[in-house]
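Okay, structure first, notes after.
Note that these values count all heavy atoms, side chains included, but never hydrogens, waters or copies made by symmetry. Only a predicted model underlies this, so the values are computations on that prediction, with no experimental measurement involved. Order of the sequence lines fixes the chain letters, A, B, ..., with proteins taken first and strands second; residue numbering starts at 1 for each chain.
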Amino acid sequence: MNFGQLVALAFSAILIQNVMLTQFLGTCPFLGVSKKSQSAIGMGLAVIFVITLSSILTWSVYWLVLDPLGLEYMRTIVFILIISGVVQFVEMFIKKTAPAIYKMLGIYLPLITTNCAVLGVALININKEFNFIEMVVYSVGISVGYALVIYVFSTIRERIEKAPIPESFKGTPIALIIAGLMSIAFIGFAGIL
Amino acid sequence: MQALYIALLITGLGAFFAIGWYLNKKTPLPEGCELPSLACEHCMSSTCSFAEPNRKEALLQEIKQDLTNSKEGEVNE
């Protein structure tokens with residue numbers, strides 16, 4: 001894959017194959033942590049960090065351990081354990097070395113273990129048989145796409161809070177309608193590449 | 001032979017997670033990141049470990065309120 005194709009892959013991962021709005025992975029934190037834009041930024045950054053790190057680890061374990069031993073069918077359970085373990089170590093490392101970053105990301109790190117987008121990306125990387133560079137570009141692209149949509153969604157929700165909408169639509173119903181409209185809008189990117 | 005590999009793999013990764021969890025639990029929180037200050041305002045998750053102390057606090061408040069209400073009721077009677 002040349003440089004142009006890698007850029008196309010990143011673009012596709014961010015907008016066309018957006019993990020939240022077109023693949024519907026990571027919906028729970030998307031709806032739960034998007035009431036305030038500051039929380040959304042924290043969650044977005046934590047997702048970028050964890051998805052990239054866990055994708056590198058899971059890809060390496062799959063191709064260096066599971067595939068040579070013929071244990072490909074064990075990948076789901078192995079990936080879940082790797083992701084849970086990585087999150088614990090990352091949280092501990094940040095607590096010790098960078099309190100400022102912990103203040104920003106700390107609360108979101110345990111929530112990421114329940115974010116199925118992390119496991120989803122790890123499995124997609126294997127199913128698409130990416131090489132190392134493609135895997136890194138795709139993982140970063142997917143996580144940046146997630147961070148982008150959660151931030152945009154949170155800013156819309158902040159404005160909706162002040163809008164005169166009917167009582168029965170307030171809260172989760174209007175949030176789901178907005179997510180649906182955003183999803184339809186993102187489908188429009190499909191024809192670009 | 002494959003069963004042995006599987007057992008080793010799962011045990012190793014289980015240990016990796018358990019050690020990570022234990023060390024993380026032992027590491028003190030940096031100053032200013034204590035849980036009550038976070039107050040879980042931004043998240044609806046009821047299963048998150050961070051929500052536990054807040055739930056306990058809310059339950060205690062509720063019990064105190066009930067006790068106060070019942071005492072006031074007795075006085076009125």
For Tyr5(B), which of Leu69(A), Leu66(A), Val65(A) qualifies under side chain to side chain contact (heavy atoms under 4.5 Å, CB included)?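 Considering Leu69(A), Leu66(A), Val65(A), a side chain to side chain contact (heavy atoms under 4.5 Å, CB included) with Tyr5(B) is found only for Leu69(A).
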
Let me know which of Phe16(B), Tyr22(B), Trp21(B) forms a side chain to side chain contact (heavy atoms under 4.5 Å, CB included) with Gln88(A).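 With Gln88(A) as partner, Phe16(B), Tyr22(B), Trp21(B) yield a single side chain to side chain contact (heavy atoms under 4.5 Å, CB included), made by Trp21(B).
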
Nearest 0.5 Å, please: how far is [atom2] in [Y] from [atom1] in [X]?
X	Y	atom1	atom2	answer
Phe17(B)	Leu81(A)	CZ	CG	8.0 Å
Asn24(B)	Glu91(A)	CG	CD	4.0 Å
Lys25(B)	Met92(A)	NZ	CE	14.5 Å

Is the number of heavy atoms from other residues, nucleotides or ligands under 6.0 Å of Gln5(A) CD greater than 12?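 More than 12 within 6.0 Å, yes.
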
Taking atom CD1 of Ile133(A) as the centre, report whether more than 12 heavy atoms of other residues, nucleotides or ligands fall under 6.0 Å from it. no

Heavy-atom pair count under 4.5 Å with chain A, highest-scoring of Ile10(B), Leu9(B), Thr27(B):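 Going by pairs under 4.5 Å, I would pick Thr27(B).
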
Should [X] and [Y] be counted in the same cluster of Ile, Leu, Val, Met, Phe, Trp and Tyr side chains packed under 4.5 Å apart?
X	Y	result
Ile14(A)	Phe189(A)	yes
Val149(A)	Leu31(A)	yes
Ile142(A)	Phe24(A)	no
Ile80(A)	Ile19(B)	yes

I want to check something: taking the side chain as every heavy atom from C-beta on, are Ile6(B) and Tyr73(A) in contact at a cut-off of under 4.5 Å?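 Of all side-chain heavy-atom pairs linking Tyr73(A) with Ile6(B), at least one is under 4.5 Å.
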
Can a donor-acceptor pair be found, under 3.5 Å and without considering hydrogens, that links the side chain of Gln2(B) to the backbone of Gly70(A)?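 Pair found, side chain donor or acceptor close to backbone of Gly70(A).
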
